[in-house]
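From a predicted model like this one, the values you see are computed outputs, not experimental measurements. Numbers for residues simply follow the sequence, beginning at 1.
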Amino acid sequence: MGCRGEERRRLGGGAGGRLGSSRRPGMGSPGGRSSPSARGSLQHLLLFLLFVGPFNCFASYSRATELFYSLNEGLPAGVLIGSLARDLRLPTTGGQRPAASQPPLSFTLASRGLGGQYVHLDNRSGELHTSALEIDREALCMESSGSTVPGEADTVSLSSSSSPDSCLLLLDVLVLPQEYFRLVKVKIAIRDVNDNAPHFPVPHIRLSVPENAPVNTRLAIEHPALDPDVGTNGVQTYRLRDNYGVFTLDVEENESGERTPYLIVMGALDRETREEYVTVIIAEDGGTPPLVGSATLTIGISDINDNCPQFSDSQLNITLYGNSSLGTHVATVHAVDLDLGSNAQITYSYSQKVPQPSRDLFHLDESTGVITLSSKVDGNTPRLHRLIILGNGPGCIPAVITVLVTIIKVMVRPPEVVPRFIANEVEGVVYLKELEPINTPIAFFTIKDPDEKYKVNCYLDGDGPFRLSPYKPYNNEYLLETTKPLDYETQQLYEISVVAWNSEGFNVNKVIKVQVLDDNDNSPVFSQQLIEISIEENNVPNAFLTKLHATDADSGERGEVSYFLGPDAPSYFSLDKTTGVLTVTTQLDREEKEKYRYTVKAVDSGFPPRESIATVTITVLDKNDNSPRFINKDFSFFVPENFPGFGEIGVISVTDADAGQNGWVALSVLNGSDIFVIDTGKGVLRAKVSLDREQQSSYVLWIEAVDGGDPALSSTAKITILLLDINDNPPLVLFPQSNMSYLLVLPSTLPGSPITEVYAVDKDTGMNAVIAYSIIGRRGPRPESFRIDPKTGNITLEESLMQNDYGLYRLLVKVSDHGYPEPLHSTVMVNLFVNDTVSNESYIESLLRKEPDINIEEKQPQISVEPTHKKMESASCMPTLVALSIISLGSITLVTGMGIYICLRKGKKHHRADENLEVQIPLNGRINLHMLEKKPVEISNI
């Protein structure tokens with residue numbers, strides 16, 4: 001059925017050329033609006049079209065358009081074929097923009113088949129480009145003429161013929177949204193380029209030409225060159241590299257355009273002069289530049305019967321004695337025919353001019369031309385015989401030769417030799433087994449004179465271990481026997497003659513052939529007694545190792561050798577009994593076993609059989625099939641901090657089962673190479689610098705082991721380095737921050753109340769970081785009124801404060817760790833001002849700036865420390881105070897103050913020598929003591 005609204009457009013002249021375009025506005029639904037997703041609407045629209053399509057062409061809603069493009073094959077990806085939007089004159093972002101209420105255009109291939117593999121369609125712009133899959137015209141269209149790819153009927157169609165535009169890619173493109181909907185049929189013609197050279201289907205072409213072929217004879221060459229390209233890019237011409245002056249080539253083209261080369265004979269041929277011509281036939285296409293292909297052309301000249309037999313001589317003169325025995329060779333005639341095969345067959349025959357008596361006396365072999373004596377010569381035999389012999393060839397006039405035979409009559413008869421065989425004899429051949437003992441009798445010979453009037457002697461002529469001796473007491477009897485054992489392997493056949501002659505000089509000889517029979521007296525012999533083989537490991541199953549070779553000098557089945565593995569051979573080796581091919585049926589692993597040594601046997605088929613043994617050694621060559629292997633997947637090393645640089649942290653043990661260069665292992669640090677280094681040869685891990693646990697407590701390294709194979713194999717291992725703490729950091733006092741700070745303690749503070757605390761930390765770990773607090777020096781009106789908790793550092797009031805306890809208290813606190821072997825400590829001064837208020841801050845600050853007069857108590861801090869009295873009590877002024885109180889009760893306050901003053905002065909003088917006290921404030925040396933806040937802190941009971 002036809003559909004209205006169709007339009008065709010053809011675009012050519014390259015990938016994006018356009019010849020023309022026409023546009024008719026389609027009828028769409030004015031109020032319709034497509035979904036933003038073009039693909040979603042496409043699926044629903046296709047289903048709708050499939051259902052209603054047979055009944056309505058939707059002329060009101062769509063149009064079918066055809067676009068034609070053409071491009072060369074073999075273009076790279078991204079080459080522009082054409083712009084569908086531009087060629088269809090649709091509004092795009094580059095031209096007339098659609099209304100704001102209208103969705104953008106969408107171009108979609110209706111099928112993702114074969115055509116979609118070669119092109120790329122931009123869904124928005126409608127531009128059609130070549131894809132990454134290169135288009136090969138020959139692959140697409142060589143065998144697809146007029147056919148459609150199965151399963152791609154709606155999207156791709158391929159066809160081919162001799163036309164350059166016959167190879168087409170057919171694409172169906174849907175244009176959306178509904179306002180612009182149409183089905184666009186895109187045809188892309190693939191133009192041929194000269195990318196294939198001519199090639200002959202066979203590398204060697206043979207042609208036969210009869211030697212009598214006339215000039216201008218034409219012979220078709222059955223295997224013309226093929227070229228997948230079409231048109232002028234196909235095969236155009238043929239030529240010969242060497243025509244020898246007698247050949248040329250012509251090309252005929254049939255109705256379908258196929259070109260067939262013909263060989264033309266340009267000169268006379270003679271097989272007897274030259275029977276073969278070898279040249280090269282070259283096919284050339286019409287591309288630019290042209291491409292060529294070649295094959296070897298052998299022109300054989302076939303024979304015809306153009307030569308006849310010829311004798312080299314016209315006459316032979318032969319003399320024959322009348323006493324010659326029957327079968328004596330008289331002469332041999334030989335003719336030559338230069339032709340071949342049946343054309344050169346020659347037969348010999350007597351001419352009709354030869355009389356019958358001569359024919360009966362002399363036998364002529366018609367195949368060999370040998371003339372022998374066939375009848376006994378007697379007194380009636382003519383002395384001269386003229387034998388005319390013909391050499392006959394097919395279709396030829398016979399050649400003629402004349403043989404003149406002159407017979408010389410002999411009056412004295414030669415001696416006679418009569419054999420009587422002891423050994424087995426058949427038709428004049430004596431059969432003896434090898435290894436027969438010495439003096440084995442062969443035959444008796446009786447020598448006699450037919451005329452019985454001449455003396456006859458005899459002797460043995462020929463080489464061999466034989467002896468002819470008179471057999472006494474009989475006259476003219478001789479015994480032929482062996483002189484040593486016969487050996488078949490040394491010589492199998494002997495030919496000897498028993499010669500008898502009489503006193504008149506006439507002699508006769510009797511030829512005897514001795515055939516030695518083989519016995520199984522030789523064992524098989526290996527060509528090598530030690531067979532050394534090497535094979536790489538990881539071989540394929542049934543891999544060939546070697547072919548054993550053993551020879552047996554015996555003949556027949558006695559010399560037939562079979563091969564067998566020895567009992568010590570592993571089961572996975574196989575030896576072919578007949579051929580001696582040794583194979584290994586499984587894969588060998590050098591790391592399991594490197595050398596194999598076992599025996600093999602060669603056994604003959606004699607009875608009893610004989611055998612020999614050889615040794616096979618197999619060396620399995622190493623392949624780099626094993627990665628370096630660490631003895632542990634994870635290594636852990638415990639190293640004390642402050643370990644000296646380049647000291648040995650630990651040894652990384654790694655092995656490689658391979659051998660030689662494949663087993664050589666190099667170690668390297670994948671991470672942390674700026675701090676750590678590893679000794680490649682020994683595997684010793686070292687740190688370039690001293691390590692501080694407080695900066696980093698542990699390190700995780702990855703060590704790579706690389707072998708020396710090609711390609712190299714590698715493995716990694718995890719190394720954990722844990723730094724053991726060393727007591728190299730004294731406690732760091734964080735509070736109080738200064739020796740010049742102080743706290744206000746109200747006299748009303750109840751005993752047991754916390755006053756303040758000393759807080760310190762230690763960067764070390766374990767017992768090196770366990771801190772104990774202790775007061776090692778005190779100064780004040782009643783300094784024992786305060787105690788410090790050795791665990792927490794909390795300072796509490798022990799006793800109630802009285803009126804005469806007012807004033808400045810200075811407590812020297814020692815903060816010590818529990819490090820081994822030597823604990824480290826820091827000190828801090830805790831200043832407490834007991835008073836109701838701070839009325840004169842400058843006065844307190846002046847007291848703080850004075851060097852404290854404190855007696856240091858050298859006492860180890862305890863976990864639980866009770867308040868103790870200092871040595872200062874030895875210099876106590878209590879008796880003086882009691883005496884003053886008795887004398888002046890009224891002025892007890894003044895006297896008490898004076899007593900305290902005197903007491904403090906005496907204590908300072910008494911302990912002057914022991915006051916070398918260094919107050920440490922471990923605040924990294926950055927705290928300015930004079931800049932710290934010195935405001936009093938009021939302590940109240942809660």
Side-chain angles (χ1 to χ4, degrees), residues 1-11 16 18 21-30 32-69 80-96 98-99 102-131 148-149 151-157 168-188:
M1 71 181 174
C3 294
R4 298 182 58 192
E6 290 191 1
E7 59 179 353
R8 294 175 58 89
R9 293 181 175 86
R10 179 177 180 91
L11 294 96
R18 292 175 297 277
S21 175
S22 62
R23 182 173 181 269
R24 288 167 48 189
M27 297 178 63
S29 175
R33 186 166 186 171
S34 64
S35 171
S37 174
R39 296 186 182 273
S41 63
L42 175 61
Q43 296 176 359
H44 295 84
L45 185 56
L46 284 175
L47 292 174
F48 182 75
L49 289 176
L50 289 174
F51 179 75
V52 189
F55 307 99
N56 191 342
C57 289
F58 289 93
S60 301
Y61 297 95
S62 64
R63 291 172 299 165
T65 305
E66 183 177 285
L67 296 179
F68 183 87
Y69 299 100
L80 177 64
I81 300 174
S83 175
L84 273 65
R86 180 178 57 195
D87 297 335
L88 295 174
R89 299 180 182 177
L90 297 175
T92 62
T93 56
Q96 179 183 358
Q102 295 177 350
L105 289 174
S106 172
F107 300 85
T108 308
L109 287 174
S111 174
R112 292 289 179 180
L114 181 62
Q117 300 177 11
Y118 292 99
V119 298
H120 171 70
L121 177 63
D122 190 298
N123 293 338
R124 292 301 180 189
S125 67
E127 289 186 349
L128 199 62
H129 294 83
T130 56
S131 69
T148 302
V149 177
E152 304 292 342
D154 296 334
T155 58
V156 179
S157 178
L168 300 176
L169 280 180
L170 304 183
L171 307 175
D172 289 345
V173 180
L174 294 176
V175 182
L176 294 175
Q178 186 175 0
E179 288 82 353
Y180 300 97
F181 171 75
R182 66 181 65 193
L183 175 65
V184 182
K185 296 214 175 264
V186 179
K187 295 184 178 180
I188 303 175

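The two atoms that bring A85 and S125 nearest to each other are CB-O, 3.4 Å, heavy atoms only. Here the closest heavy-atom approach between residue L80 and residue R86 is recorded as CD2-NH2, 4.4 Å. Nearest approach of D172 to K185, heavy atoms of both residues: OD1-NZ, 3.2 Å. Minimum interatomic distance between Y69 and L84 (heavy atoms only, all atoms of both residues): OH-CD1, 4.0 Å. Residues S131 and Q117 approach most closely at OG-O, 2.6 Å, considering heavy atoms.
Looking at F68 and D87, their side chains never come closer than 4.5 Å, going by heavy atoms from C-beta outward. You'll find the side chain of L128 reaches within 4.5 Å of the side chain of I188, heavy atoms only. Side-chain contact check for L174 versus L183: some heavy-atom pair is nearer than 4.5 Å.
No donor-acceptor pair closer than 3.5 Å links the side chain of T130 to the backbone N or O of V119.
To the nearest 0.5 Å, the span separating OG on S106 from CZ on F181 amounts to 11.5 Å. To the nearest 0.5 Å, atom CG of residue L169 and atom NZ of residue K187 are 12.5 Å apart. Taking CG of L176 as the reference point, atom CG of L105 lies at 9.0 Å (rounded to 0.5 Å). Rounding to the nearest 0.5 angstrom, the gap separating the CG atom in N123 from the CZ atom in F107 is 9.5 Å.
With sequence neighbours left out, H120 forms a side-chain contact (heavy atoms from CB on, under 4.5 Å) with no residue at all.
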